[in-house]
Structures are given as structure tokens and as C-alpha cells.
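Working notes for the structure below.
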Amino acid sequence: MQLLGFDYGLKNIGAATGQTLTGTATPQPPLRARDGVPDWSEVEALLREWQPELVLVGLPLNMDGTESELSARARKFANRIHGRFGVAVEMVDERLSSFEAKGEVMARGGSRDYGKNPVDSIAARLIVETYLNR
């Protein structure tokens, strides 16, 4: 099964593709967003290119499992993808995905300037991997 995952954010929305047959995920270029709203034609282009059977959207929960302020916005983003494009969408707990992604960048000798080195698509890859590993 082909998967497409998103790490929802207000400035950038990370994207990654995944495949259940191989159990792998690959980051894609992040989408720019204005206050959490993407260019929907870019989302459509990704869907057309990868033709996923399932879209995954990271659900940013607090460490105690409660919903964060961003949770409602991520759910709205997921609902819009489903409504606009008619694809199946599932929310995936993304606690610590951005933290892990930043750790990966630092481990490879990257800088802490995440504006120049966004980690959003690495976080999206981790979201897809979370789904694949459960």
C-alpha cells in the first residue's frame, strides 16, 4: 500500500511517502503554509504523483496524551484533505517526532538553524514509520 504522510505546521507542512510492501518511508520537499493553510494545488500534485491509498497526518498530542492547541488544526487539515480529494485519512500520534527529527539533523552535523534546515519532512517520515511499525 502506498502512503503519504504529513507533519502539519503553521509555516511548513512536512511530507513523506511510504510503502507497506518495503516498510520504508522517504521525506519529500515540505510544503509552505500561511498560518497553517497550504497551497492546495501542491497537496493535489503530491496526491496525483504518489496516488496513496492512505494519507497519514500527524496528531500533535501533549506528552500526557491530551490534545494540544495544534491538534484541532491538524484534524481540520486532515478533514480538508479527505473532503477535497476523497482519500482515506488517518491521524497518527506524533509525539516527539519533531524532537527526534531535530536530533537526526544534529547527529549528522547539521545546524540548529531550522529555518534554513527545516526538519518538517523528516518528522513526516517519522510519522509514516510510526504507522508502518505498529
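Not measured: the values here are computed from a predicted model. Because only heavy atoms are used, hydrogens play no part in the values below, and waters and symmetry mates are left out as well, while side chains stay in.
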Any non-hydrogen side-chain atom of Arg84 less than 4.5 Å from a side-chain atom of Glu44?
no

Under the criterion side-chain contact (heavy atoms from CB on, under 4.5 Å), which of Thr130, Asp7, Val128, Leu132 is the partner of Leu56?
Val128

Over all atoms of both residues, closest heavy-atom pair of Gly58 and Ala74
O-CB, 3.7 Å

Any side-chain heavy atom of Val89 sitting closer than 4.5 Å to one from Val57?
yes

Shortest non-hydrogen separation from Ala15 to Pro29 and the atoms involved
CB-O, 4.1 Å

What do the steps show when you test Lys11 against Arg34 for side chain to side chain contact (heavy atoms under 4.5 Å, CB included), and what is the final call?
CA-CA 6 Å; Lys11 293 182 182 177; Arg34 298 183 90 193; over 6 Å; no

Atom pair CG/OH of Asp93 and Tyr131 - distance to nearest 0.5 Å:
15.0 Å

Determine whether the aromatic ring centres of Phe6 and Trp50 lie less than 6.0 Å apart.
no

Asn12 side chain vs Arg32 backbone, donor-acceptor pair below 3.5 Å
no

So Pro52 and Leu47, do their side chains get closer than 4.5 Å, heavy atoms only?
yes

N/O donor-acceptor pair under 3.5 Å between His82 side chain and Val87 backbone:
yes

Nearest-0.5 Å distance that lies between atom OG in Ser71 and atom CG in Leu59:
4.5 Å

Same cluster or not: Met91 versus Leu126, using hydrophobic residues (I, L, V, M, F, W, Y) connected whenever any side-chain heavy atoms lie under 4.5 Å apart?
no

Is there a path of hydrophobic side-chain contacts, each under 4.5 Å between heavy atoms, that joins Ile127 and Leu61?
no

So, Asp39 side chain and Ser41 main chain: donor-acceptor pair closer than 3.5 Å or not?
yes

Apply side chain to side chain contact (heavy atoms under 4.5 Å, CB included) to Val55 and Glu90, showing your working.
CA-CA 6 Å; Val55 172; Glu90 189 172 316; over 6 Å; no

For residues Gln51 and Gln2, is any side-chain donor paired with an opposing acceptor at under 3.5 Å?
no

State the CD-CG distance between Gln19 and Leu3, to the nearest 0.5 angstrom.
7.0 Å

Using distance alone, with no hydrogens and no angle criterion, decide if Thr17 and Gln28 have a side-chain donor and acceptor under 3.5 Å apart.
yes

I'd like to know if Asp35 pairs up with Arg73 as an ion pair, taking the criterion as any Lys NZ or Arg NE/NH1/NH2 lying under 4.0 Å from an Asp or Glu carboxylate oxygen.
yes

Closest approach of Gly5 to Ala124 (non-hydrogen atoms, all atoms of both residues)
O-CB, 3.9 Å

Going hydrophobic residue to hydrophobic residue with side-chain gaps under 4.5 angstrom, can you get from Leu46 over to Ile81?
yes

Answer yes or no: is there a side-chain heavy-atom contact under 4.5 Å between Val43 and Leu31?
yes

Taking Pro27's backbone N and O only, do any of them form a donor-acceptor pair with Ser121's side chain (distance below 3.5 Å, no angle check)?
no

Mark yes when over 12 heavy atoms from residues, nucleotides or ligands other than Arg134 sit less than 6.0 Å from its CZ; otherwise mark no.
yes

Would you sort out whether Leu70 and Leu10 count as a side chain to side chain contact (heavy atoms under 4.5 Å, CB included), showing the intermediate values?
CA-CA 9 Å; Leu70 210 52; Leu10 299 179; 3.9 Å; yes

From Lys76 atom NZ to Tyr8 atom OH, the distance as rounded to the nearest 0.5 Å:
8.0 Å

Could you grab the distance from atom OG1 of Thr26 to atom CD of Glu129, nearest 0.5 Å is fine?
9.0 Å

Measuring from Glu49:CD to Leu4:CG, what's the distance to the nearest 0.5 Å?
9.5 Å

Could you pull out the closest heavy-atom pair between Asn62 and Ser68, with the gap in Å?
OD1-CB, 3.6 Å

